[in-house]
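Everything on this sheet refers to the single structure shown next.
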Amino acid sequence: EPEVTQTPSHQVTQMGQEVILRCVPISNHLYFYWYRQILGQKVEFLVSFYNNEISEKSEIFDDQFSVERPDGSNFTLKIRSTKLEDSAMYFCASSAGDSPYNEQFFGPGTRLTVL
Amino acid sequence: GQSLEQPSEVTAVEGAIVQINCTYQTSGFYGLSWYQQHDGGAPTFLSYNALDGLEETGRFSSFLSRSDSYGYLLLQELQMKDSASYFCAVRDPGNTGKLIFGQGTTLQVKP
């Protein structure tokens, strides 16, 4: 069964460093999302991406964040200068293309720890 | 904006039935979804209700009442492996399909 994959599973970085989190959505899916979950809290939307551009971003998604789909398979989230409060699980999700309201499939997540 | 409320914790014994409630406030409604999350794992889709009534999938059922802005997830014949967090979620009415999650209910199943 097709699945969303994410790498790395765990990333430890120093405050102020740049990190890139990688995702491979399910092939033939057209809607892509990043969510994050701070330990013990709910899952929060960060950004949605469709047709090679950001379709919506949350207040959390400030100038330090960016997303890219550099080729036909990868979908990346970059944090330019990490802060302590960026420590969280980051989940990538994708859904099939005929509607943004189709079921979203989540990847296993990347645990980001900022020291 | 959108907001959802669900209990923070529920405890039940193996073999029992448990109901996790969710009330929501939305400016538009595109269905209520339920996700299961084991410790540190990915949210896994369980069910989706767009219309009023009960949807059954094996041991899990989900109910929706749009007039009451209320839904619940019903888990029957509880097993130890059902111990997890359960999130209700609604779609934002914008055209991006983003999910708005509740705070989650931690279900502990005891022997």
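Sequence lines set the chain letters: A, B, ... in the order given, protein chains first and strands last, and positions in each chain run from 1. The figures that follow rest on heavy atoms only: side chains count, while hydrogens, waters and symmetry mates do not.
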Side chain from CB out, backbone as N, CA, C, O: work out which of these in [X] comes under 4.5 Å of a heavy atom of chain B, or both, or neither.
| X | value |
| --- | --- |
| A/Ser48 | side chain |
| A/Gln37 | side chain |
| A/Tyr50 | neither |

Worksheet entry | salt bridge (Lys or Arg N to Asp or Glu O under 4.0 Å) evaluation trace for B/Asp82 with B/Arg59 | CA-CA 11 Å; B/Asp82 297 330; B/Arg59 294 188 296 114; 2.7 Å; yes

Practice prompt. Identify which part of B/Tyr30 has an atom lying under 4.5 Å from any heavy atom of chain A, answering side chain, backbone, both or neither.
Written response: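 The side chain, not the backbone.
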
Worksheet item: Do the two ring centres, one from A/Phe75 and one from A/Phe32, sit under 6.0 Å apart?
Response: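 Aromatic pair counts; centres sit under 6.0 Å.
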
Fill in: Close aromatic pair by centroid cut-off 6.0 Å: A/Tyr35 and A/Phe106
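Yes, the ring of A/Tyr35 comes within the 6.0 Å limit of the ring of A/Phe106, centre to centre.
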
Discussion item. Take a 6.0 Å sphere around CD of B/Glu5 and say whether it holds more than 12 heavy atoms from other residues, nucleotides or ligands.
Written reply: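 No, the 6.0 Å shell around CD holds no more than 12 heavy atoms from other groups.
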
Worksheet item: In terms of heavy-atom pairs under 4.5 Å, which option from B/Gln103, B/Gln37, B/Lys98 contacts chain A the most?
Response: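 Of B/Gln103, B/Gln37, B/Lys98, B/Lys98 has the most heavy-atom pairs under 4.5 Å with chain A.
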
Fill in: Check: A/Val4 and A/Val24 side chains under 4.5 Å, non-hydrogen atoms
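No. Closest side-chain heavy atoms not under 4.5 Å.
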
